[in-house]
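Each chain gets a letter, A, B and so on, in the order the sequences are listed, and its residues count up from 1.
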Number of protein chains: 2
Amino acid sequence: MVKITDVARHAGVSPSTVSYALNGKRPISEETRRRIEASIRELGYHPHAGARALAGARSHTLALVMPLRSGVHLPVVTQFAMSVVTAARRHDHDVLLLTGEEGEDGLRRVADSARADGFVVMDVQLNDRRLPLLRTLQRPSVLIGFPAEPAGLTCVDLDFRAVGEACAEHLALLGHRRVALLGSPPEVYERGTGFARRVEDGFTAAADRNGLAAAVHPCEADPAAAPALVRRLLAEDPPPTGVVIHNEAMLGPLTDALRAEGLRVPGDLSVVAVCPDELAERSSVPLTSVAIPAAELGARAVDLLIRQLAGDPVPESTLLPPRLTVRSSTGPRG
Amino acid sequence: MVKITDVARHAGVSPSTVSYALNGKRPISEETRRRIEASIRELGYHPHAGARALAGARSHTLALVMPLRSGVHLPVVTQFAMSVVTAARRHDHDVLLLTGEEGEDGLRRVADSARADGFVVMDVQLNDRRLPLLRTLQRPSVLIGFPAEPAGLTCVDLDFRAVGEACAEHLALLGHRRVALLGSPPEVYERGTGFARRVEDGFTAAADRNGLAAAVHPCEADPAAAPALVRRLLAEDPPPTGVVIHNEAMLGPLTDALRAEGLRVPGDLSVVAVCPDELAERSSVPLTSVAIPAAELGARAVDLLIRQLAGDPVPESTLLPPRLTVRSSTGPRG
DNA sequence: ATGAAAGCGCTAACAT
DNA sequence: ATGTTAGCGCTTTCAT
């Protein structure tokens with residue numbers, strides 16, 4: 001195994017000089033730095049992570065806590081994880097993967113054993129059991145999603161209010177005057193992170209601003225209920241010409257039901273979905289949609305964590321703007 | 001921070017005794033062990049991972065290398081990762097997450113810096129660039145999938161030949177006499193890990209054994225081609241009454257095309273899919289299917305890695321038996 | 001069955 | 001701008 005003293009000898013300097021050249025904590029002459037870098041490459045030196053963590057105060061590792069439950073769309077989880085790793089590597093950090101299942105004990109274990117310097121926690125619930133611990137732990141963390149009481153925690157999420165607004169505005173711009181939101185099932189409002197309500201608020205607010213008539217239909221995750229819901233929607237007089245679906249499980253059943261009722265999309269009805277791009281693309285009519293920007297969320301979370309580790313102040317709340325992708329399911333009214 | 005000397009003092013023993021009590025490398029009297037364990041709990045002691053790695057020869061960390069390309073079904077990746085973490089924790093190991101993107105340099109870095117004791121490598125290609133390195137690295141690894149030349153490497157995968165057999169046998173048992181396999185696109189055969197061919201072989205072999213007439217249709221991943229393919233399938237005289245679809249991208253288009261041709265599933269045609277359960281369940285007619293047992297693969301991979309780390313001999317090749325889940329898309333002939 | 005003590009490879013004072 | 005050196009907390013001989 002190649003160690004720092006090997007590099008030092010090879011470059012004709014002291015170990016500490018190599019160490020400093022590596023982490024830039026004090027100035028090194030250009031000439032010396034070059035020799036050291038050459039030696040490192042030539043010998044294939046990689047500092048022993050354990051020794052580094054023991055002597056320094058940092059493991060150069062971030063912990064990523066994956067969801068407990070599988071309510072989250074799994075592809076989004078993978079994309080998110082990948083972007084976290086990629087971003088972490090850019091900052092010379094590795095990523096330790098934890099499951100939400102390990103709960104508070106897992107967090108404490110990882111923190112106490114100095115396995116990780118900070119945490120990225122996915123799938124944070126409104127009243128997450130882990131919140132008190134995360135607050136007191138002497139390591140920074142970044143939460144994906146907003147708990148009921150986010151004060152004192154660093155949180156990142158998609159700006160769901162802006163999602164609702166973007167959907168309404170997209171339909172308004174296409175000339176629609178009557179729009180509806182087919183929302184999430186009640187469980188999501190209660191158990192979830194509150195994002196369903198935020199979409200709703202943004203949707204109705206933007207509809208108001210644009211003079212649209214807007215209806216909101218909460219929506220169970222029951223495929224069998226789709227036809228009835230669609231009929232109820234169309235029974236309005238006059239019926240909406242644009243609809244936003246924020247309910248992943250019902251997306252298929254609802255579009256099927258629309259087709260069954262003989263409605264053409266977007267000819268008779270424009271449809272905007274709030275769902276992963278993957279789903280929107282695979283639909284029989286590719287859906288105009290707003291997706292969770294998993295990669296951006298991951299990169300941003302790492303960024304915030306690294307800045308905290310550097311002692312920089314960071315905003316407690318970060319909301320990422322939504323991006324609406326226009327596909328084939330929306331068109332001008334009529 | 002609580003350290004081993006704190007525990008030792010609290011329990012009235014020497015640090016080394018605590019260490020031995022922790023890892024069981026020498027006998028400790030029942031009485032002493034109990035006192036030590038009590039102290040550990042009371043003080044909330046967690047050994048410093050860096051110190052442990054430095055003094056010992058093990059980081060107690062496994063590296064999990066996630067896929068480069070996104071050809072792999074992302075939900076399967078997530079499930080796999082979760083099961084790897086869960087299994088690793090059962091053996092007192094943590095998991096470091098790497099992306100395939102880091103390639104050989106990433107593996108070397110992690111090995112040389114003693115960040116991980118071994119590797120689980122997902123998505124191994126037939127002629128993976130990382131294979132030579134994995135062979136020479138002084139750390140064990142387990143590959144998910146079989147490269148062209150697996151000798152000297154520990155590989156785990158679903159037994160795809162048995163998958164083909166299970167599908168054919170399921171149809172045979174239902175009384176079908178003429179069956180067809182709608183296979184993977186040519187790219188998969190070339191670039192892939194050879195599993196497509198193995199399914200094919202198993203399928204035809206089992207069909208032969210059971211006296212079925214079996215046709216194999218390779219199948220581009222082009223949704224527009226689905227109707228033509230279905231018509232071609234039905235043009236056979238007599239047409240098959242059972243079909244196996246091993247092509248994730250075409251699953252939707254093909255079932256749509258079947259419906260468009262007025263075929264009832266399973267009334268007129270029984271369909272077996274080789275695809276993630278998730279997809280099979282969400283199909284308009286829930287599909288009888290064989291899935292990738294992601295969780296089992298992950299657990300098995302970790303198992304093999306841990307056993308290698310313990311110096312135990314392990315089989316080079318492990319094939320997991322497929323599980324066919326009967327849903328609504330298959331029924332007796334006629 | 002238990003203790004004492006010598007490192008493991010690195011970082012960060014404290015030197016010059 | 002660079003060198004010297006004392007630990008960081010643990011494991012593991014070598015003792016007893």
The bend of the helix from C:dA1-D:dT16 to C:dT16-D:dA1, taken between the axes of its five terminal pairs at each end and rounded to 10°, is 30°
By salt bridge (Lys or Arg N to Asp or Glu O under 4.0 Å), which residues pair with B:Asp159, not counting sequence neighbours?
none
Can B:Ser16 and B:Ser19 be counted as having a side-chain donor-acceptor contact under 3.5 angstrom?
no
Between A:Glu104 and A:Leu133 (side chain of the first, backbone of the second, donor and acceptor by atom type, cut-off under 3.5 Å), is there such a pair?
no
Quick one: does any side-chain atom of B:Ser83 pair with a main-chain N or O of B:Ala295 as donor and acceptor, under 3.5 Å?
yes
Give every residue pair that meets the side-chain hydrogen bond (donor to acceptor under 3.5 Å, both in side chains) criterion with at least one member in residues 134-154 of chain B, sequence neighbours excluded.
B:Thr154-B:Gln308
Do any of residues 5-12 of chain A sit with a heavy atom less than 4.0 Å from DNA chain D, and if so which?
A:Gly12
Show which side-chain atoms of residues 46-55 of chain B pair as donor or acceptor with protein atoms under 3.5 Å away, not counting sequence neighbours.
unit_1  : atom_1 : unit_2  : atom_2 : d
B:His48 : ND1    : B:Gly50 : N      : 3.0
B:His48 : ND1    : B:Ala51 : N      : 3.0
B:Arg52 : NH2    : B:Asp92 : OD2    : 3.3

Nucleotide by nucleotide, 5' to 3', does protein get under 4.0 Å of the base (B), only the sugar-phosphate (S), or neither (-) in nucleotides 11-16 of chain C, counting heavy atoms?
SBBB--
Under the side chain to side chain contact (heavy atoms under 4.5 Å, CB included) test, which residues partner B:Thr86, sequence neighbours left out?
A:Thr99, A:Glu101, B:Arg90
With sequence neighbours left out, what residues match B:His60 under ring-ring contact (aromatic ring centres under 6.0 Å, His included)?
B:His93
Just the rounded figure in Å: distance from P of C:dG9 to NE2 of A:His46.
16 Å
Between B:Asp117 and B:Ser59, a side-chain donor and acceptor under 3.5 Å:
yes
So where does chain A start and stop touching DNA chain D, 5' to 3', when the test is distance under 4.0 Å to a non-hydrogen atom?
D:dA1 to D:dG9
Is a donor from one side chain sitting under 3.5 angstrom from an acceptor on the other, for A:Asp123 and A:Gln125?
yes
Could you work out, with salt bridge (Lys or Arg N to Asp or Glu O under 4.0 Å) as the rule, every residue matching A:Glu296, not counting sequence neighbours?
A:Arg323
Report the residues that fulfil salt bridge (Lys or Arg N to Asp or Glu O under 4.0 Å) with A:Arg108, sequence neighbours left out, ordered by chain and then residue number.
none
Taking only distance into account, with no hydrogens and no angle test, what donor-acceptor pairs under 3.5 Å do side-chain atoms of residues 299-306 of chain B form with protein atoms, sequence neighbours excluded?
none

Pairwise 5' ranking along DNA chain C for B:Leu54 and B:Ile28, keeping only the more 5' one
B:Ile28
Assign each of B:Thr17 and A:Gly50 the nucleotide of DNA chain C bearing its closest heavy atom; nearer the 5' end lies the nucleotide of B:Thr17
